[in-house]
Amino acid sequence: MLQPSVSTTTVRAAGGELLVQDGPFADTKEQLGGTVVLDVPDLDAALEWARRAPSIEWGAVEVRPGATHWADGAWQPNP
């Protein structure tokens with residue numbers, strides 16, 4: 001389960017640089033090209049993984065925090 005799209009960070013590559021934008025990608029009709037779930041310590045680590053995604057070469061990569069995490073033997077909501 002993911003947090004709502006309002007918590008999204010969108011990442012694109014342009015001219016060899018990583019462009020980071022707060023909020024969802026809304027320039028065109030949304031398409032889901034796949035979902036990858038990674039357990040990382042923070043947004044900076046997630047952005048580094050987004051930089052490595054093959055799809056960054058031709059489109060936007062949406063980075064969104066999870067809504068829950070496993071702790072103390074049960075699923076807990078993320079803050």
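For the single chain, residues carry numbers from 1 onward in sequence order. Predicted model, so just to flag it, every value in this text is computed and none were measured. As a basis for the values below, the full set of heavy atoms in this structure was taken, side chains included, without hydrogen atoms, waters or symmetry mates.
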Pairs in or reaching into residues 39-74: which pass ring pair (Phe, Tyr, Trp, His ring centres under 6.0 Å), with residues at least two apart or in two chains? W70-W75

Going by side chain to side chain donor-acceptor pair (under 3.5 Å), T8 matches just one of R64, Q3, Q21. Which one? R64

Of the non-hydrogen atoms in S7 and P65, which two are nearest, and what is the gap between them? O-CD, 3.5 Å

Residues clustering with V20 (ILVMFWY side chains joined when closer than 4.5 Å, directly or via others): V11, L18, L43, L47, I56, V61, V63

Filter on salt bridge (Lys or Arg N to Asp or Glu O under 4.0 Å), then keep only pairs touching residues 34-44, sequence neighbours left out; what's left? none

Restricting to non-hydrogen atoms, name the atom on N78 and the atom on G66 that form the minimum distance, rounded to 0.1 Å. ND2-O, 2.6 Å

When rounded to the nearest 0.5 angstrom, what distance separates CZ in R12 from CZ in R51? 15.0 Å

